[in-house]
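These notes are about the structure you will find just below.
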Amino acid sequence: MRKRLGRARDTLAANPTATAVGIFGLVLLFLVATPASWQTSTLRLAVPIALAAIGGIFAEKSGVINIGIEGLLIVSAFSSIIAVHRLGDGGATMGLSNLWWGLLIGVLVSVVVALVFAVVCIDFKADQIIAGLAIWLISLGLAPFVSRIVFGSPNTAGISRFGNVTIPGLSELPILGYLLFDTEPQVYLMLAGALGGWFLLTRTTFGRWVVASGENPKALDTAGVDVRKVRYAAVLLSGVFAGLGGAGFALGTLGTFAGGGDTAINGRGFIAIATYLLANYHPVGALLGSFLFAGLNSLQTALQSAGYAIPTELIRTLPHMSVIVVLVLVGRTRLPDAAGEHYESGED
Amino acid sequence: MNSGSGPMPDRIRRLLERLIQASVMERIAISVAALFAAVLVGGVLVFISGSFASCRSGLDVAGTTFCYNPMQVYYELFLGALGHPLEGGWSLTNYNLATTLQQTTLLIFAGLSVAVAFRAGLLNIGTQGQLVVGGLATAVTVVFAASIIPSGFVGTVVLIPIGVLAGAIGGGLYGAIPGVLKAYADANEVITTIMLNFIAVGITSTLLSWQFQDPESNNPRTEPIPEYAEIPTVPYIGFSGGMDFSLLALGFAIALMIGIAWLFARTSFGYELRTSGIQPAAAAYGGVNEKRMTVASMTLSGALGGIAGAFWVLMVHGSWLENVPSIGFDGIAVSVLAGNNPLGVGAAAFLFGILESGSNSIGTATDVPPELVGILTGLIILFVAMPEFFRMIGTRYIDVRPTEPARTDGGRAPADETTEDPRGADDA
Amino acid sequence: MTETESEAETGTGSTAGSGQTGEARTDVETGAGPTTEATTSSYGEAETDLAVHLDGITKRFPGVVANDNVDLRVERGSVHALLGENGAGKTTLMNVLYGLYEPEEGRVVVDGTERMFDSPRDAIDAGVGMIHQHFMLVDSMTVAENIALGDEPTKWFGMAVDRARIDREIRELCDRYGFDVDPSATVADLSVGVQQRVEILKALFRGADVLVLDEPTAVLTPQEVEGLYDVLDELTAQGKTIIFITHKLEEATHAADAITILRDGESAGTVVPDQTNKNDLAERMVGREVLLEIDSEPMTTGDTVLSATDITVEDTRGIEAVSGIDFDVRAGEIVGIAGVDGNGQAELIEAITGLRTPDEGTITYDGADITDWSRRRRIDAGMSYVPEDRHERGLVMPFNLVENSILGNQRASEFATDGRIDWENVRDHTDDLIETYDVRPPDPDADASSFSGGNQQKFIVGREFERDPSLVVATHPTRGVDVGSTEFIHDRLLELRQQGVAILLVSSKLDEVRALSDRLAVIYEGEFIDVTDPDEITEEELGLLMAGQRVETDSTGSSTAESGPGIRPDAGETGDDAETNASSNGGRSR
Amino acid sequence: MFTLAAFMVRNRRQFLGGAGAIGLAGLAGCISGFGDESDHAVQIGTVYATGGLGDDSFNDMAKRGLEDAQDDFDIAITETEPSSESEFESAQRTFAESGVNDLINCVGYAQADALAENAPDYPEQDFIIIDEVVEEDNVRSYTFGEPEGSFQVGHLAGLLTEREFAAGDGETIPNESVVGFVGATETPLIESFEAGFTAGVEYANDDAEVVSSYVGEFNDTAAGQEAARTMYQNQDADIVFHAAGRTGIGVFQAAQDEGRFAIGVDDDQSLSNEDFADVILASMVKRVDTAVYSAIEDTVNDEFEGGVERLGLDDGGVSAVYGDTLGDEIPEEISTQIEESKQAIIDGEIDVPHEL
């Protein structure tokens with residue numbers, strides 16, 4: 001059973017065209033068969049998952065498993081809102097809307113936290129899983145801590161959100177028009193991030209170094225490339241993507257950040273990890289995978305208000321259950337050979 | 001404890017001493033250093049964040065007003081948790097200390113749960129979920145059993161063990177799920193346990209609203225267990241019942257802690273578990289069925305988490321409530337700080353008990369947000385995770401470089417192991 | 001300090017002059033007469049003719065001197081062998097040349113210019129390429145991606161990798177040196193021989209003039225080795241300089257223009273093959289005369305202990321690694337399995353010892369069908385197993401010897417009652433093992449990781465042999481073990497055989513399996529291509545068999561008849577094109 | 001930088017002094033540091049509900065009551081915001097144990113169980129609880145007529161949904177009579193909001209349909225947004241009422257995005273959330289602040305007594321308040337009807353259900 005699934009998977013991997021056609025067909029089916037509100041809400045809810053997953057791909061491909069990506073989402077989300085609030089909601093600074101400044105600052109904060117994670121994992125050789133958990137826990141505490149200082153409450157104040165950006169002409173297209181060309185900036189960021197991530201990973205020098213660094217760092221090292229730098233760059237890049245995801249979600253969808261409990265991110269970073277494992281580290285695959293999980297999330301809302309008597313709490317766990325089902329059916333995605341291991345030049 | 005073997009022979013004592021000196025001392029040093037580093041970073045954070053807060057009187061530095069005094073925060077955190085022993089009118093059995101020890105007791109169980117899995121090489125992030133499920137199992141079982149078992153002393157003696165057992169079984173079964181998924185479907189346990197934490201919340205609240213909700217209450221909670229089924233306090237010397245802490249529970253936790261330590265050190269199962277954790281291939285070679293060991297250690301880990309839930313119900317609340325506090329996540333911090341050593345879990349649990357209870361004092365006695373404690377917890381884990389950092393600092397000041405054994409025979413010297421892959425095909 | 005000193009030297013005098021200084025220092029410090037003699041007498045060209053000159057290199061690791069004032073002079077366009085035992089410091093020296101290690105003392109001169117290599121990058125830029133013993137290839141990437149790694153030409157202003165150009169350049173290189181490598185193939189799918197060629201291409205792609213090959217033949221079949229020699233000839237003909245590391249006398253004398261011998265981190269002289277003989281080389285290498293003689297008296301064999309019928313095993317990737325193997329092992333008999341690594345030995349042994357479930361076939365042990373038995377039951381039934389990988393399997397590295405001494409026996413009644421381990425007993429047992437098997441240092445409380453490979457192996461062998469087994473499965477029991485320990489382990493194996501224990505021995509060392517085995521099976525692509533009498537087969541024949549070439553004159557057929565159906569009737573089909581086929585069913589050792 | 005260093009030195013000297021013979025005094029001097037608060041006549045402790053401050057409704061209303069009292073009386077305030085129900089018991093107890101609080105405010109029905117357990121243990125300590133009844137001598141319970149208030153806004157929604165109405169950023173869908181309700185948790189209290197609301201809608205218009213959704217949390221704005229958006233887009237709801245604390249902010253966001261209306265709760269949310277004033281038709285105001293203020297006033301005047309106080313439509317404890325921006329645009333014939341039904345409820349002519 002397992003083997004057969006594994007083989008089916010290999011077959012898929014061996015026929016990228018067929019796989020692509022298949023996925024495209026499924027997407028098409030989804031577009032035709034579901035209401036528009038569900039599709040747009042799926043797109044919006046996919047933003048933090050997809051971008052965090054793409055970031056996670058880079059870190060893990062380079063050999064650093066970044067389980068702290070949930071933490072990066074949290075810090076970027078709340079710091080972007082605080083930034084907008086401080087700069088002045090609805091205003092602009094130096095000709096740029098404060099919302100965009102908020103996005104920049106959210107990304108920056110996420111990168112700084114990713115840098116801490118990188119130093120700890122790469123230079124101080126911390127166990128990556130433990131360090132990632134620590135980053136998560138620190139962020140869980142930091143979000144309400146900071147917003148309590150700024151707002152006197154674990155929740156931030158509300159701010160205005162990104163509006164739709166309509167691309168003339170293209171937005172007139174059926175279905176794709178309202179989905180892809182008349183939507184919010186963070187959705188464009190997500191789509192661009194997936195394509196850019198794919199290009200970076202598969203077509204550029206850096207992408208090849210990232211892959212080599214995760215599969216066989218020694219090979220990269222002996223080829224004269226500094227593994228340490230590549231891993232740093234990859235982890236920081238995961239900070240950039242997660243930052244875009246967290247800040248984009250906060251500024252585009254949330255408009256405010258609840259810092260209590262699991263915070264408003266509520267485990268989306270962990271779902272992102274499951275997403276890229278499911279997508280076998282393919283950035284565009286991660287985008288499609290995030291639609292799956294986000295779609296389940298909006299399905300839950302849709303089912304409920306449609307009056308189906310499924311217990312709310314149970315419906316809410318649908319995405320989490322499907323992560324497990326997916327992991328079990330797909331089996332363990334082959335991690336990069338050197339993922340989780342420290343590498344020091346000159347070591348054998 | 002080991003009744004058959006007579007007095008502990010010298011050699012074994014020597015072995016223990018060496019073990020302690022070699023690795024345990026270093027671990028303790030690193031844990032203590034990590035604690036200090038976290039406190040230091042946290043202090044800086046508190047001080048700096050004080051410049052963003054508003055207050056009537058603060059410290060003015062270069063035009064900026066700093067509102068928070070880190071010293072005061074830590075004073076409240078650490079001494080507040082003990083009931084301010086340096087101030088007048090202190091009694092040993094005070095409420096704050098009771099809260100600290102109550103948290104310590106729960107964290108010992110949760111920490112042991114995490115430690116057992118980590119030692120087996122399984123990153124069980126799911127203690128929280130196992131605790132939630134185990135707690136509900138306890139509450140429901142005790143409420144049901146109370147209806148058929150006489151009340152009073154008999155009820156206490158029968159119901160408490162039944163409740164703890166129910167928690168252990170509930171948590172154990174829930175812990176076995178990721179074990180089975182890992183062993184037979186190769187599903188990464190870190191992801192599955194995190195997801196199962198979310199699912200545990202969903203399932204338990206569904207069960208609650210479907211069947212077990214206390215009709216008397218507006219809160220999502222089960223029917224309260226009878227008072228005689230709560231863990232009794234020790235008369236005269238103990239803390240009073242209103243403090244929701246019993247020395248008996250702490251005693252049980254410590255006994256369990258020693259039991260797990262003994263399991264690791266002195267039993268075949270413990271040996272196999274540790275071997276599986278360090279080198280799964282060697283364990284398989286040594287006749288350990290990896291899959292079964294994975295399931296067994298996850299089950300044991302889950303059972304310990306379930307016991308934590310049981311005590312949360314039986315000692316603290318007298319019923320199961322939705323939104324269980326994050327004892328299970330704190331258990332990870334406890335175990336990591338303890339280096340996954342069962343005996344270390346006791347000390348680490350006490351420290352985190354202080355943090356938990358001290359956060360109340362921070363919240364009431366200072367203006368600093370009590371969420372600081374969550375940040376401190378994360379920082380401690382972060383620093384413990386990077387022993388290399390402290391080794392680097394250590395070697396800068398003291399020469400503690402381990403003495404590498406020189407070439408001991410005509411064979412391959414250790415240094416060559418670093419230059420040539422030891423698994424190499426070296427035909428002589 | 002030494003570095004500034006040598007830099008100062010370069011600054012003042014000519015390079016040749018500074019070389020002289022280095023040699024003088026050698027004399028004073030080591031007093032190694034023959035070293036200097038050999039260096040100067042047989043190989044005294046001016047430094048400007050040298051492609052590489054390593055001058056007085058000293059490299060220390062904590063507690064050990066890996067290279068002690070070593071000199072190496074390599075003439076341009078020559079093949080130079082660096083000969084020495086394992087642990088003599090050959091790889092360390094080459095890592096210095098490649099910029100992976102920084103020497104404490106000495107100079108690195110490449111192409112007449114003194115260099116300071118901080119990283120492999122610097123070495124690459126100076127035209128030094130290295131082909132490591134364990135290939136530095138990313139298995140999941142294609143040949144082209146691997147070759148260009150770290151040196152990718154780009155297009156679109158550096159935005160994207162110029163893949164077309166990489167392919168073009170690789171084709172050009174292949175044409176020039178006569179390689180047949182497909183740039184778009186995935187490395188994981190290639191045979192070891194082809195992977196090695198990819199490594200060589202990788203160095204050439206970077207414009208290497210000096211190629212360092214670390215133990216290039218270790219994983220090759222004899223036929224692949226011949227192919228490698230041809231490649232080396234082609235390279236030197238085009239003006240490249242080759243340095244190859246080896247511990248095999250044959251190879252050094254056969255392929256090299258000059259040989260430098262290392263012993264215990266020191267240079268034991270440089271010689272020209274024509275002017276020396278193997279005995280001399282061996283003596284320089286080992287420091288004493290070595291004779292690998294094993295006294296294996298024929299034994300009267302007893303009952304069949306282990307019998308395998310039609311065993312088929314798939315490897316972790318689901319590819320059939322062992323295809324229908326039959327054999328049996330009797331009490332008091334050593335059955336050897338020879339073969340190039342990765343031809344299914346590992347999977348076969350794992351199936352027998354219970355670490356892997358065979359997909360087909362039955363295994364009987366002492367008459368009982370144990371095919372479905374767990375590893376635990378097999379251990380309890382008296383099966384001992386010296387694993388191939390002592391660091392992953394045989395020992396728990398962070399455990400001390402006391403804890404390691406019961407690995408596999410942790411539930412045996414001898415050491416544990418009702419699941420409780422009696423550590424006192426275990427400690428006595430450990431002390432016995434240490435004494436009997438001469439494990440040094442004799443410290444039961446030291447971590448396994450702190451022992452040398454030889455002592456680790458002696459400890460494992462001791463633990464497994466002292467279990468009172470009726471069957472011993474030993475895989476590569478002397479791999480990476482020094483000569484003294486090797487002899488000891490061989491003696492113990494023969495002793496066990498004398499006691500009537502059935503022994504299954506897997507080794508890639510031809511002399512070892514030939515000398516020890518009573519019957520010898522040759523495994524190729526998961527099948528026993530032949531079962532022979534080791535005394536009647538020559539090393540050449542054995543080499544051919546290991547490469548999948550059936551011996552035409554089947555003189556050994558009679559011996560196979562009595563040992564059961566050892567040859568698969570259809571084995572011959574696959575025999576011809578060894579090199580290209582070796583890859584197809586995952587025949588890699590890594 | 002220099003002053004910072006000086007501060008450190010001073011602190012250390014104090015610390016060292018503290019370690020000396022006099023000891024504790026020095027240490028105390030060091031730790032008390034800055035941010036001291038002077039003594040006040042009366043000290044009030046407040047344990048908030050789990051949504052925490054910043055919910056722009058329930059907790060913030062209680063806070064407003066505190067602040068109003070602080071303006072009028074000499075009181076000191078200590079607060080704590082438990083993040084889950086299981087923390088209430090220890091939070092209340094911590095305040096009670098400290099012995100310095102003259103009154104402890106327990107905000108929210110969820111604290112009732114914990115208070116019922118704690119109050120008898122501290123007979124000298126005064127408590128109040130909002131939204132639930134705890135029958136102890138030292139507890140004053142405040143309850144509100146939520147169903148009645150909800151009935152009022154339901155009546156408003158029912159009247160508006162069937163007619164063509166556009167104001168601010170929103171407009172109704174006249175040919176579809178659908179309104180929505182978003183609740184936080186499926187508990188009797190929140191369900192009583194829905195019960196009253198539904199009754200009000202039906203009172204206005206028998207054909208109108210009420211769609212409802214429970215998000216499960218008081219502070220999940222994203223879920224609140226999705227729930228409301230689904231109602232607006234898929235079910236053609238044009239007015240959504242929420243009783244979900246901070247989650248309700250998501251309802252406002254959705255209303256704004258979709259150009260529909262929302263009804264706030266607890267506070268006049270068109271004032272507390274100005275950003276959404278252009279979609280907030282009205283709010284079901286619940287004067288938690290009045291309750292808190294009156295309890296503090298009684299404590300200061302030493303007149304505090306236990307018992308149950310019920311605040312309803314008649315005494316302004318609950319009321320439907322029109323949005324600050326949109327209120328003026330609501331047609332008079334509608335506001336007249338609302339006024340009539342209010343009187344009818346007060347007079348007992350309309351019986352508002354308290355359960356679904």
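Sequence lines set the chain letters: A, B, ... in the order given, protein chains first and strands last, and positions in each chain run from 1.
Taking the six-membered ring where tryptophan is involved, the planes of B:Phe383 and B:Phe389 are tilted, since the angle between them lies from 30° to 60°.
With chain B as partner, the option from C:Arg393, C:Arg376, C:Met397, C:Arg377 having the largest number of non-hydrogen pairs under 4.5 angstrom is C:Arg393. For the set C:Thr417, C:Leu355, C:Asp447, the count of heavy-atom pairs under 4.5 angstrom toward chain B peaks at C:Leu355. Heavy-atom pairs under 4.5 Å with chain C were tallied for B:Gly270, B:Ala284, B:Pro280, B:Ser268; the largest tally goes to B:Ser268. With chain B as the partner, the residue from C:Ile406, C:Asn409, C:Asp418 showing the most heavy-atom pairs under 4.5 Å is C:Ile406. Of the residues considered (C:Ser374, C:Pro444, C:Pro387, C:Ala416), C:Pro387 shows the highest number of contacts with chain B, using heavy-atom pairs under 4.5 Å.
The ring of C:Tyr437 has its center closer than 6.0 angstrom to the ring center of C:Phe488.
Heavy-atom distances place no part of C:Asn425 under 4.5 Å from chain B, backbone and side chain included. Interface remark: C:Arg356 contributes no atoms to any contact with chain B (heavy atom separation under 4.5 Å). Residue B:Glu272 touches chain C through its side chain alone, counting heavy-atom pairs closer than 4.5 Å. Interface residue C:Leu407: backbone and side-chain heavy atoms are both found under 4.5 Å from chain B. Neither the backbone nor the side chain of C:Phe415 has a heavy atom closer than 4.5 Å to any heavy atom of chain B. Only the backbone of C:Leu395 comes within contact range of chain B, judged by heavy atoms closer than 4.5 Å.
Formation of a donor-acceptor pair under 3.5 Å by the B:Lys291 side chain with backbone atoms of B:Tyr184 is not found in this model.
Side-chain contact annotation: C:Gln457 with C:Thr478, donor-acceptor N/O pair under 3.5 Å absent.
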Exercise for review: Kindly indicate, with the supporting measurements, whether the criterion side chain to side chain contact (heavy atoms under 4.5 Å, CB included) is fulfilled by C:Val473 and C:Ser384.
Suggested key: CA-CA 6 Å; C:Val473 178; C:Ser384 270; over 6 Å; no

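With sequence neighbours excluded, the residues that form a side-chain contact (heavy atoms from CB on, under 4.5 Å) with B:Ala338 are B:Val345, B:Ala348.
A cation-pi arrangement, defined by a distance under 6.0 Å to the six-membered ring centre and an angle within 45 degrees of its axis, is absent between B:Arg274 and B:Phe264.
Nearest heavy atom pair, residue B:Ile278 against residue C:Phe399, reads CD1-CE1, 3.3 Å.
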